[in-house]
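Data block below; observations after.
Remember, predicted model here, so these are calculated numbers, not experimental data. Computed over heavy atoms, backbone and side chain alike; hydrogens, waters and symmetry mates excluded.
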Amino acid sequence: TAKETPLHYFDESVYQMVSGYRRDVYIPEEWKGKRLLLTIDGAAHESEVFLNGEKIGGHHCGYTAFSLDLTEKLCYGQDNILVIKVDSRESLNIPPFGFVIDYMTYGGIYREVYLDIKNPCYLQDVFVRTKIETGKSGKSEVISKVTLSSKGEDLAVRQSLRKKGETGWRLLSETPMETMEKEISCQVEDVCLWDTENPNLYEIKTELVKDKETLDEKVVTFGFRKAEFRPDGFYLNGKKLKIRGLNRHQSYPYVGYAMPESMQKMDADVLKKELGLNAVRTSHYPQSHHFLDRCDELGLLVFTEIPGWQHIGDEEWKQQAVQNVRDMVLQYRNHTSIILWGVRINESQDDDAFYLQTNAAAHELDPFRQTGGVRA
């Protein structure tokens, strides 16, 4: 954590500051010809990234991840100085800031940071969804939208499936990849559906192949399910389900947001096993993938939303909120537990033009989930 705080009774200004992180990163010569991607999973709230003294990028949201391609800026065979400057002050003109907020926002880099070493052409994204025949156990469909980082010749995508926990993979398909983006659909028989009582999960392995060599591989965990809000209530796999849930903040005593995987997962266990709930709202921002992973595993339904609390700012602020929708959907859409995208600023006044934009962004990137939000 950037700033330890007392258990109670402290002024929120104690964690509002600019903090700096510096690390020497040795980059070996043999990584030449690879793509090197730095990912910061969460830094509150505005970040600037410098490599060997040069600014190479930034991010304007404390609750979504961001990645930067370092390849062209690195010095190989020596140490590189990586510096990240993080501004945690509430004077920032980005959501959720601009007026009063009823929760602590803390600061600093508080989620994982990592470096991916990839081949020049790699799997940039794999978005998995399913089609099921509700009320029946029979044929289902798994549909993957595969996106590559760049075009390449003689590329193919090989996909295999297994139930989570099993060892062997079952080959689903091998598809030529002539373009950077392709949707691949496969029929699957005798699947076990995902619901709140039996959260059956599967894994789909996507391999990018050229001349029988695997260039990249990505495994996505997902469940076969259909979630739908109708005028008379919520339906999961065609059966009406009463939702019982709570709002969850990601803050903890003393360390604010900076809690590791074990504690993120424990919160989901408390909600499901100790409190007997079947749903959670990630108030009021996207939260740790570790927490969402555990919701997938437990069958805990999730309503996740963009950062904000009652206040809508100027046009620049609104455009950042729209970008937050895009980042949230792209980064979280493979979580089976998520049943609703929150595309409104929590408890805000209506702003039809603004919310047309946030809705459009969510439906463009995920046409299959419904959107919602909490009004004033």
Side-chain angles (χ1 to χ4, degrees), residues 1-5 14-90 92 94 104-120 122-125 149 216-218 250-252 254-265 285-293 307 323-324 327 330-332:
T1 187
K3 175 71 176 178
E4 288 187 30
T5 58
V14 302
Y15 58 73
Q16 290 185 39
M17 58 187 180
V18 175
S19 52
Y21 298 78
R22 173 185 163 134
R23 180 161 180 161
D24 293 340
V25 185
Y26 181 76
I27 305 296
E29 288 276 0
E30 53 264 32
W31 287 357
K32 276 186 177 176
K34 303 285 188 181
R35 306 304 296 182
L36 279 80
L37 309 170
L38 173 75
T39 297
I40 298 167
D41 269 345
H45 288 267
E46 186 162 79
S47 304
E48 295 177 85
V49 181
F50 302 83
L51 186 65
N52 299 324
E54 179 185 352
K55 183 177 176 179
I56 58 168
H59 191 61
H60 311 294
C61 177
Y63 301 99
T64 52
F66 65 102
S67 296
L68 297 171
D69 190 332
L70 309 185
T71 310
E72 306 302 328
K73 303 290 186 180
L74 288 166
C75 300
Y76 293 84
Q78 63 185 70
D79 279 338
N80 290 255
I81 303 170
L82 181 66
V83 172
I84 303 168
K85 175 185 173 184
V86 186
D87 191 339
S88 306
R89 294 173 293 186
E90 288 194 10
L92 296 166
I94 59 172
M104 301 292 187
T105 55
Y106 300 101
I109 298 175
Y110 66 94
R111 293 180 188 155
E112 289 86 348
V113 179
Y114 51 91
L115 191 67
D116 279 317
I117 300 114
K118 299 282 192 183
N119 283 307
Y122 58 89
L123 294 166
Q124 187 168 292
D125 187 58
S149 62
D216 196 15
E217 176 183 305
K218 190 182 284 284
Q250 64 178 12
S251 52
Y252 290 82
Y254 308 113
V255 298
Y257 286 168
M259 271 294 191
E261 177 180 355
S262 58
M263 295 301 292
Q264 302 291 341
K265 291 189 169 182
Y285 38 79
Q287 298 183 8
S288 165
H289 282 286
H290 300 310
F291 177 73
L292 275 292
D293 287 342
Q323 183 60 47
N324 292 346
D327 290 343
L330 279 171
Q331 293 171 26
Y332 290 83

Compare all side-chain heavy atoms of Y106 with those of K3 and state whether any distance is below 4.5 angstrom. no
Could you tell me whether the side chain of Y21 and the main chain of I109 form a donor-acceptor pair under 3.5 Å? yes
Quick check: do Q250 and Y110 have side-chain heavy atoms less than 4.5 Å from each other? yes
About how many Å separate OG of S67 and CD of Q331, when rounded to the nearest 0.5 Å? 7.5 Å
Are Y114 and D41 packed together at the side-chain level, in the sense that at least one heavy-atom pair is separated by less than 4.5 angstrom? yes
For side-chain hydrogen bond (donor to acceptor under 3.5 Å, both in side chains), just list the numbers for H60 and S47, CA-CA rounded to whole Å, side-chain angles, deciding distance to a tenth of an Å, and then say yes or no. CA-CA 7 Å; H60 311 294; S47 304; over 6 Å; no
Is there a side chain to side chain contact (heavy atoms under 4.5 Å, CB included) between Y15 and E90 once you walk through the steps? CA-CA 10 Å; Y15 58 73; E90 288 194 10; 4.1 Å; yes
Is there side-chain contact between D125 and L123, with at least one heavy-atom pair below 4.5 Å? no
Can you tell me how far apart OG1 (T39) and CG (L115) are? Round to the nearest 0.5 Å. 8.5 Å
Between the side chain of H45 and the main-chain N/O of I94, is any donor-acceptor distance below 3.5 Å? no
What are the two closest non-hydrogen atoms of A2 and S19, and how far apart are they? CB-OG, 4.4 Å
I need the minimum non-hydrogen distance between D69 and L36, along with the two atoms involved. OD1-O, 3.4 Å
Charged N-O contact under 4.0 Å between K118 and D116: no
Report the relative orientation of the aromatic rings in H289 and Y332; use parallel for angles under 30°, tilted for 30 to 60°, perpendicular for over 60°. parallel
What is the distance from atom CG of L330 to atom CD of Q124, rounded to the nearest 0.5 Å? 9.5 Å
Any non-hydrogen side-chain atom of V113 less than 4.5 Å from a side-chain atom of R23? no
Side-chain donor or acceptor of S88 paired with backbone N/O of Q16 under 3.5 Å: no
Pairwise distance CG(D216) to NZ(K218) - rounded to 0.5 angstrom: 7.0 Å
Using the six-membered ring wherever Trp is involved, compare the ring planes of Y285 and Y257 and label them parallel, tilted or perpendicular (cut-offs 30° and 60°). tilted
Quick check on side chain to side chain donor-acceptor pair (under 3.5 Å): which of Q264, E112, R111 does H290 satisfy it with? E112
Checking I84 against V86 for the side chain to side chain contact (heavy atoms under 4.5 Å, CB included) test, could you report, in this order, the C-alpha distance in whole Å, the side-chain angles of both residues, the deciding distance, and whether it holds? CA-CA 6 Å; I84 303 168; V86 186; 3.9 Å; yes
Would the distance check show the side chain of S149 and the main-chain N or O of Y122 forming a donor-acceptor pair, the cut-off being under 3.5 Å? yes
Taking the side chain as every heavy atom from C-beta outward, state whether I27 and Q78 have any atom pair closer than 4.5 Å. no
Just by modelled atom types, is the V255 backbone N or O under 3.5 Å from a matching donor or acceptor in the T1 side chain? yes
For R35 and T71 the tightest heavy-atom approach is CA-OG1, 3.3 Å
In this structure, are over 12 heavy atoms from other groups packed under 6.0 Å from E217 atom CD? yes
Test side chain to side chain contact (heavy atoms under 4.5 Å, CB included) on V83 and V49; report intermediate values, then the result. CA-CA 6 Å; V83 172; V49 181; over 6 Å; no
With a 3.5 Å distance limit and no angle check, can you tell me whether N52 reaches the backbone of I81 through a side-chain donor-acceptor pair? yes
Test K55 against K85 for side chain to side chain contact (heavy atoms under 4.5 Å, CB included), laying out the working first. CA-CA 10 Å; K55 183 177 176 179; K85 175 185 173 184; over 6 Å; no
OH (Y26) and CG (D24) are apart, to the nearest 0.5 Å, by 13.0 Å
When you look at OH of Y76, are more than 12 heavy atoms from neighbouring residues, nucleotides or ligands closer to it than 6.0 Å? yes
Determine whether a donor-acceptor pair (N or O, by modelled atom type, separation under 3.5 Å) exists between the side chain of N80 and the backbone of C75. yes
Over all atoms of both residues, closest heavy-atom pair of T105 and Y63: CG2-OH, 3.9 Å
Can you check whether L292's main-chain N or O pairs, donor with acceptor, with Q287's side chain at less than 3.5 Å? no
Check whether Y252 reaches the backbone of M263 with its side chain - one donor and one acceptor, N or O, closer than 3.5 Å. yes
For a 4.5 angstrom cut-off between non-hydrogen side-chain atoms, does L37 reach L68? no
Distance col, row I117:CD1 vs E30:CD, nearest 0.5 angstrom, shows 10.5 Å
